[in-house]
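Notes for the one structure printed next.
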Amino acid sequence: MHDVKFTAVLAGCGGISKTWLDAIKALDDLTIVGLADLNPAAAEARKQEFALPAAVSTSLEELLEHHRPDVVLDCTVPDAHCATTLTALRYGCHVLGEKPMAPGMKEAGMMVAAAAAAGKIYAVVQNRRYLDSIVNFRDLLRSGELGSLSTLNADFYLAPRFGGFREEMDHVLLLDMAIHSFDQARFISGADPVTVYCHEFNPAGSWYRHGAAAMAIFTMSDGSVFNYRGSWCAPGLPTSWQCDWRACCSAGTARWDGDDELHAEKVSGNEGFFHPVAKVAVPENKLLYTGHAGVIREFLDCLKHGSQPQTVCTDNLKSLAMVHAAIASAGQHAVVNLEF
Ligand SMILES: NC(=O)c1ccc[n+]([C@@H]2O[C@H](COP(=O)([O-])OP(=O)(O)OC[C@H]3O[C@@H](n4cnc5c(N)ncnc54)[C@H](O)[C@@H]3O)[C@@H](O)[C@H]2O)c1
């Protein structure tokens, strides 16, 4: 039972809002007092589905004016994230918003500056950091058991038929999906990007208008290389939504399939053409809250204790910068430096 309670208005009642409201249902310290959506039927439907004691409006401002919540939860489309966040901060709310922070670095910079000026927390949902298996993979690499990381590979191959904004937007894989994988790479390695070379394309037969596939090679601040290969137009033999990962280290290798399979081997002798290797025991963390519930729980705890969530906007800006540097590299056919 939590003694400090928060109120929130949720903006954007489309597909992902169900995941948020399912997670919030289990929390005793967050009450949804308002639901905003340009489409009033979408907001009303979520209100009924979750039996929420919430006002419904097409205007976020109207809800903020009347209900003065502590928090705004932004589940709108990427193009609306900047305006939603700036409005929420203007009303003195903390903001937890969906990825990507914004379609461009300029808007993202404005959002970070506005949060600092308001003295409020703005954090971004990177739910793929909040899984037992990624924490285990990260802890294994950080333990030093396998030596130092030299190469981190991530493969992402799926063929979803979303319809809606994704099939119309530019750079759909890099902007809407690779933000997760790039943020995961920073989380796993603990390193930040230095340079990137990226080739972006739309595979033959693509049902997306633009950029459904990309290959990106990042050099990282610890000297390692992060190599991403992804497509949203790859029917058959799907990878996990979390990517299929291989980490090559100086004394061994770990593989994580993005779901529950995590295996590692390290060198156990110094003789022969291939030196012998032995299995390595992997960590077995169990998180109390996972996925969206994990992000939301951490966000509320940070509000209570005055601390910073791991996906606070100032940090998440580095993951978004990876996306935009990759897009710039693909456009210029050149290596792009990342500067923060
Ligand atoms: N973290 C994840 O795993 C994950 C998964 C899916 C989607 N997302 C993200 O969630 C966001 C929403 O995606 P979705 O799939 O729910 O999209 P969606 O199109 O299903 O829903 C978006 C909703 O926002 C509403 N909306 C748009 N502009 C608005 C505004 N200015 N004010 C109020 N409402 C507005 C639309 O009417 C729609 O109902 C995107 O940023 C997407 O990238 C994240």
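Counting convention: from 1, in listed order, for ligands and their atoms alike.
- Side-chain atoms of His67 never come within 3.5 Å of backbone atoms of Thr7 as a donor-acceptor pair (strictly under, hydrogens ignored).
- Every atom of ligand 1 with a heavy atom of His292 under 4.0 Å away is listed here by number and element: 1 (N), 2 (C), 3 (O).
- His94 places no side-chain N or O within donor-acceptor distance of the main-chain N or O of Asp70, the cut-off being under 3.5 Å.
- Between the side chain of Arg46 and the backbone N or O of Gly14 there is at least one donor-acceptor pair closer than 3.5 Å.
- Chaining together hydrophobic side chains whose heavy atoms lie under 4.5 Å apart places Ile217 alongside Val225.
- Within the 4.0 Å heavy-atom shell around ligand 1 one does not find Leu60.
- Contacts with ligand 1 closer than 4.0 Å are made by no heavy atom of Phe162, backbone or side chain.
- At the shortest separation from atom 21 (O) of ligand 1 among protein heavy atoms lies Gly14 CA, 3.2 Å.
- Among the atoms of Asn39, none of the N or O lies under 3.5 angstrom from an N or O of ligand 1.
- In this structure, Asp257 contributes its side chain and Asp244 its backbone to no donor-acceptor pair below 3.5 Å.
- A heavy-atom separation below 4.0 Å is found between His81 and ligand 1.
- Checked by atom type and distance alone, the side chain of Glu298 pairs as donor or acceptor with a backbone atom of Gln310 at under 3.5 Å.
- Below 3.5 Å of separation, one finds no N or O of Thr84 facing any N or O of ligand 1.
- Under a 4.0 angstrom heavy-atom cut-off, Gly164 registers as lying outside contact with ligand 1.
- Where the criterion is an N or O separation shorter than 3.5 Å, residue side chain and backbone included, Phe165 fails it with respect to ligand 1.
- Relative orientation of the Phe226 and Phe218 rings is parallel, given thresholds of 30° and 60° on the angle between their planes.
- Taking atom 24 (O) of ligand 1 as the reference point, the nearest protein heavy-atom neighbour is Gly12 CA, 3.5 Å.
- When Thr87, Asp37, Thr19, Asp74 are checked for heavy-atom proximity to atom 23 (C) of ligand 1, Asp37 turns out nearest.
- Of all the heavy atoms of Asn127, the ones lying under 4.0 Å from any atom of ligand 1 belong exclusively to the side chain.
- The heavy atom nearest to atom 30 (C) of ligand 1, out of those in Leu38, Val77, Val125, is found in Leu38.
- The aromatic ring centroids of Trp232 and Phe162 lie less than 6.0 Å from each other.
- Of the protein's heavy atoms, Thr76 O, 3.2 Å lies nearest to atom 11 (C) of ligand 1.
- A donor-acceptor pair is defined here as one N or O able to donate and one able to accept, closer than 3.5 Å; such a pair exists between the side chain of Asn136 and the backbone of Asp132.
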Worksheet item: Going through the checks in order, is the ring pair (Phe, Tyr, Trp, His ring centres under 6.0 Å) test met by Tyr130 and Tyr289?
Response: CA-CA 8 Å; Tyr130 298 77; Tyr289 296 90; over 10 Å; no
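- If you number the atoms of ligand 1 from 1 as listed, the ones under 4.0 Å from a heavy atom of Ala80 come out as 28 (N), 31 (N).
- The shortest N or O to N or O distance between Ala11 and ligand 1 is not under 3.5 Å.
- If you check which protein heavy atom lies closest to atom 16 (O) of ligand 1, you get Ile16 N, 2.8 Å.
- Judged purely by atom type and a 3.5 angstrom limit, His210 has no side-chain atom pairing as donor or acceptor with the backbone of Val172.
- Closest protein heavy atom to atom 20 (O) of ligand 1: Gly15 N, 2.9 Å.
- Comparing heavy-atom distances from atom 43 (O) of ligand 1 across Arg128, Lys99, Glu98, Arg46 singles out Lys99 as nearest.
- Taking the six-membered ring where the residue is Trp, the centroids of Phe201 and His199 are separated by under 6.0 Å.
- Residue His180 touches ligand 1 through its side chain alone, judged by heavy-atom distances below 4.0 Å.
- The shortest distance between side-chain heavy atoms of Val95 and Thr84 does not fall below 4.5 Å.
- If you look at Arg166 next to ligand 1, the close heavy atoms, those under 4.0 Å, all belong to the side chain.
- At least one side-chain heavy atom of Gln242 sits under 4.5 Å from a side-chain heavy atom of Asp259.
- Ligand-side atoms of ligand 1 in range of Pro78: 40 (C), 41 (O), range being under 4.0 angstrom from any heavy atom.
- When non-hydrogen atoms are compared, ligand 1 lies under 4.0 Å from neither the backbone nor the side chain of Ala83.
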